[in-house]
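Encoded as structure tokens, the structure appears first; notes follow it.
For ligands, and for the atoms within them, numbers begin at 1 and follow the listed sequence. All of these numbers come straight from a predicted model, not from anything done at the bench.
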Amino acid sequence: MAGGSLTLPRIGALRVRPSWQERFAETSDVLKSDKHQQTVVRVLDLEIGGRDFITMAGPCSVETEHQLLSTAHHVRQHGAQILRGGAFKPRSSPYAFQGHGLAGLKMLAQARAETGLAVVTEVMSEDDVPLVAEYADILQIGSRSMENYTLLEAAAQSGRPILLKRGMMATVGDLLKSAQIVLDNGNPNVILCERGVRTFDATLRNTFDVAAIVLLKHISHLPVIADPSHACGYRELVPGLARVGVVAGADGLIVEVHPTPEKAWSDGEQSLDFAEFDKMMASLNPYIALREEAIAAQTLETVG
Ligand code: PEP
Ligand code: MN
């Protein structure tokens, strides 16, 4: 080799990584700040985002009085604090069961009265907000509605806490924008929900974005709930994903449970039966205990 001088490759100026505050500057109110480290959403005597780990459980759809009441009693006795169940159902097929509407809300009210469980249920249309808000302790904004801004505004203005599910094709930034809209409409009580997103891998119903849970807990003061049911679509995988959700730092879970999943009118494939729910809840205990220790020792991160 001829003895030429060695030329160093040119290295561009080192780029400084923007802070999370800069990355999400448009939605600064949902980010942790000196004055806002953690939002605690109070529902009945529950503190969502506080020390309690919250389990929301129940069927995908409210079907019959027997189905809902038996599920409500069962999940309450085995550790759930909040009953889920859809009265207004956003179905991918126009021919699938669309929910009982008002009759479903009335069944939820009966279950609430009998068990003392709080109720979370979806509202799909801004016209239905006053009605659903009359029956629900928490209004669920579903994945398909996350970017329906007029619905978000109406739901926010009802004053009810909002469970905001991440759109199946929404980025974390998109989710934070929708949360910011709720805050801008005078409602600070937003609970974020990771329920899986669509990716190239269609093996499971969705891809559980566990990094989003870690990120959201790192940068946002809003409570974060994990939905292992919609995240995978298969009941045998739900307990494993639920444990992962707890370890990732989620403040709670929303899980589908049905007395006879094989007969469910929607999402039976991913619904746990009662025995599976009990087993999952028991298996979560050591992880929930670790979470409590971490909170007590304040080792969970508190700065954005
Ligand atoms: C549901 O909770 O049953 C539901 C329809 O969820 P998602 O909006 O996440 O699909
Ligand atoms: Mn469902």
Looking at Lys89 and Glu122, is any side-chain nitrogen of the basic one under 4.0 Å from a carboxylate oxygen of the acidic one?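 Judged by the 4.0 Å cut-off on N to carboxylate O distance, Glu122 and Lys89 do not form a salt bridge.
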Salt bridge flag under 4.0 Å for residues Asp209 and Arg166: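 Salt bridge present between Asp209 and Arg166.
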Indicate whether any N or O donor in one side chain lies under 3.5 Å from an N or O acceptor in the other, for [X] and [Y].
X	Y	value
His36	Asp29	no
His73	Thr115	no
Thr203	Asp201	yes

Set of salt bridge (Lys or Arg N to Asp or Glu O under 4.0 Å) partners for Arg112, sequence neighbours left out: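 Per chain and number, Arg112 pairs via salt bridge (Lys or Arg N to Asp or Glu O under 4.0 Å) with Asp137.
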Listed by chain and number, what are the ring-ring contact (aromatic ring centres under 6.0 Å, His included) partners of Tyr287, not counting sequence neighbours?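 Tyr287 satisfies ring-ring contact (aromatic ring centres under 6.0 Å, His included) with no residue once adjacent residues are dropped.
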For His100, all residues meeting ring-ring contact (aromatic ring centres under 6.0 Å, His included), sequence neighbours excluded: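 By the ring-ring contact (aromatic ring centres under 6.0 Å, His included) rule, His100 matches Phe97, Trp265.
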What is the total of protein N/O/S atoms that are closer to the Mn ion (ligand 2) than 2.8 Å?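 For the Mn ion (ligand 2), the figure is 4.
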Residue [X] vicinity, atoms of ligand 1 by number, heavy atom under 4.0 Å:
X	answer
Ser143	7 (P), 8 (O), 9 (O), 10 (O)
Cys60	3 (O)
Gly142	8 (O)
Gln140	1 (C), 2 (O)

Can you check which of Arg84, Glu122, Arg91 brings a heavy atom nearest to atom 3 (O) of ligand 1?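 Going through Arg84, Glu122, Arg91 one by one, Arg84 has the nearest heavy atom to atom 3 (O) of ligand 1.
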Lys89 to ligand 1, any heavy atom closer than 4.0 Å: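 Judged by the 4.0 Å heavy-atom criterion, Lys89 does count as contacting ligand 1.
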Cluster link Leu253 to Leu164, ILVMFWY, side chain under 4.5 Å: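 Per the 4.5 Å side-chain linkage, Leu253 and Leu164 are co-clustered.
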